[in-house]
Amino acid sequence: MALVLGIESSCDETAVALVNSERQIVAQRIASQDEEHAPYGGVVPEIAARAHAEKLAPMIEAVLDDANVGLRDVDAIAATAGPGLIGGVMVGLVSAKALAMASDRPLIAVNHLEGHALSPRLADESLEFPYALLLVSGGHCQILRVDGVGQYSRLATTIDDALGEAFDKTAKILGLGFPGGPAVERLALDGDPKAVPLPRPLLRSPEPHFSFAGLKSAVLRAKDSGLHKDADLAASFQQAAIDCVNDRLKKSLDQMGDVSALVVAGGVAANKVVRTALEALASEYGLRFIAPPPALCTDNAAMIAWAGIERLGQSDSLDIAARPRWPLDPDAETVRGAGVKA
Ligand code: KG4
Ligand code: ZN
């Protein structure tokens, strides 16, 4: 049985985990930086990098202690090497390099997006390639066909905001604080999803790409009008976003060829209303629906360690650089307006 240590530091979660090849999360710790960033209404890269630097080393020690193992019991050290906020990624990657060197264990540089993309296989051993993946987080919003480890074909991306970003901006408009996704979901429970007429950008357009900037602006105008209850705004926003996702997914599934399942991953996959809508869509297409448990959807190190398990045998050079951008499908064409989010 193989054991991999995973390190995640690409955004505002410092996380360390030990995962084995039997799909057991042997130990893990996650330190959120929500409190540090909350006064600014979003993640401040410099604050994030400092917090990772302060927290990471003691967390690595604690996780090894929790599992009662030493570095020499580990088969590889996997760390997020991008994409993400470069200062934070460097903190995690440099730490992993030092551990790999000290313990003479291989370093596996993991693409954070691959961590999300493969996390459903950690949660469900019966999930086989190929599968359709909706990857929805704060920085990314993509539909991919996953044919194997490292084999991703991107069918859709966003031309402006990511879905999680749209949730966060809506939360800001409604004064719900940061991070916004869970707060919008909670408030929406008391609202009517049909109360506020909001646009569904790109609905039925032939390419399956996403756009959420216009929806966010419409939420802002509706809020400023003073005509609506915040809970109705939250519920109506959430419903509009889900309608867009459903439509874009249908377009993609029609173009994708045979797949074994519809899979959702990334922070927004923690949203119960989104999950329920996707489950219905999957059954319409006769597909299994697989979503990791919410704690595996938002950023964590178990998914990074698991990607390391999937990539065992690989050994990256200690010279490898942290990457602010690292697309899962480098061959995918650039989409107008999507430069930052591809
Ligand atoms: O995957 P993740 O933890 O970090 C990134 O790689 O971006 O995703 C974070 C994003 C944030 O935008 C957050 O608001 C959103 O996921 N999110 C949610 C929920 N939980 C997290 N969005 C909607 N509903 C939720 N329950
Ligand atoms: Zn993420």
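Start at 1 and go down the list; that is how both ligands and their atoms are numbered. In this text, all values refer to a predicted model and were calculated from it rather than measured experimentally. Reckoned from all heavy atoms, side chains included, excluding hydrogens, waters and symmetry mates.
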Among all protein heavy atoms in this structure, tell me which lies nearest to atom 26 (N) of ligand 1, with the distance rounded to 0.1 Å. E185 OE1, 2.8 Å
Quick check: of its N, O or S atoms, which one does D299 have closest to the Zn ion (ligand 2)? OD1
For ligand 1, is there an N or O atom under 3.5 Å from any N or O atom of H116? yes
Tell me, please, if H140 has any N/O/S atom, main chain or side chain, under 2.8 Å from the Zn ion (ligand 2)? no
Return yes when atom CD of Q255 has more than 12 non-hydrogen atoms of other residues, nucleotides or ligands closer than 6.0 Å, and no otherwise. yes
Taking atom types as modelled and ignoring hydrogens, do the side chains of D329 and S153 form a donor-acceptor contact shorter than 3.5 angstrom? no
Checking heavy atoms under 4.0 Å, the part of D168 that sits near ligand 1 is side chain
Got the closest protein heavy atom to atom 21 (C) of ligand 1, with its distance? G267 O, 3.4 Å
Check whether any heavy atom of Q238 sits under 4.0 Å from an atom of ligand 1. no
Just go through A162, A166, G138, A171 and tell me whose heavy atom is the nearest to atom 10 (C) of ligand 1. G138
I need the single residue from I143, D247, V335 that forms a side-chain contact (heavy atoms from CB on, under 4.5 Å) with F210. Which is it? I143
So, do L127 and V263 sit near enough that their side-chain heavy atoms are less than 4.5 Å apart? yes
Assess the side chains of S126 and R288: does a donor N or O sit below 3.5 Å from an acceptor N or O? yes
Are there more than 12 heavy atoms of other residues, nucleotides or ligands under 6.0 Å from atom CZ of R275? yes
Subset of ligand 1 atoms that lie under 4.0 Å from at least one heavy atom of G164: 12 (O)
Return yes when at least one N/O/S atom of C11 is nearer than 2.8 Å to the Zn ion (ligand 2), and no when none is. no
Approximate separation, where rounding is to 0.5 Å, of N111 CG and Y152 OH: 7.5 Å
Let me see the working for V149 and F129 under side chain to side chain contact (heavy atoms under 4.5 Å, CB included), right down to the final yes or no. CA-CA 9 Å; V149 177; F129 302 117; 4.1 Å; yes
I'd like to know if P182 contacts ligand 1, where contact means a heavy-atom distance under 4.0 Å to any ligand atom. yes
Side chain, backbone, both or neither: the part of K272 lying under 4.0 Å from ligand 1 by heavy atom: neither
List the closest protein heavy-atom neighbour of atom 24 (N) of ligand 1: residue, atom name, distance to the nearest 0.1 Å. N271 ND2, 3.0 Å
Pull out every atom of ligand 1 sitting under 4.0 Å from any heavy atom of G139, numbered as shown with elements. 7 (O)
For the residue pair H140 and L113, establish whether any side-chain heavy-atom pair is separated by less than 4.5 Å. yes
Which residue and heavy atom of the protein sit nearest atom 4 (O) of ligand 1, plus the separation: D299 OD2, 3.0 Å
Checking heavy-atom distances from atom 22 (N) of ligand 1 to each of A265, G181, C141, A241, the winner is G181
So that I can tick it off, tell me whether D160 and K216 are bridged by a salt bridge, with the cut-off set at under 4.0 angstrom between side-chain N and carboxylate O. no
Do the side-chain N and O atoms of R29 and T14 include a donor-acceptor pair separated by under 3.5 angstrom? no
Within the 4.0 Å heavy-atom shell around H112, which atoms of ligand 1 are there? 6 (O)
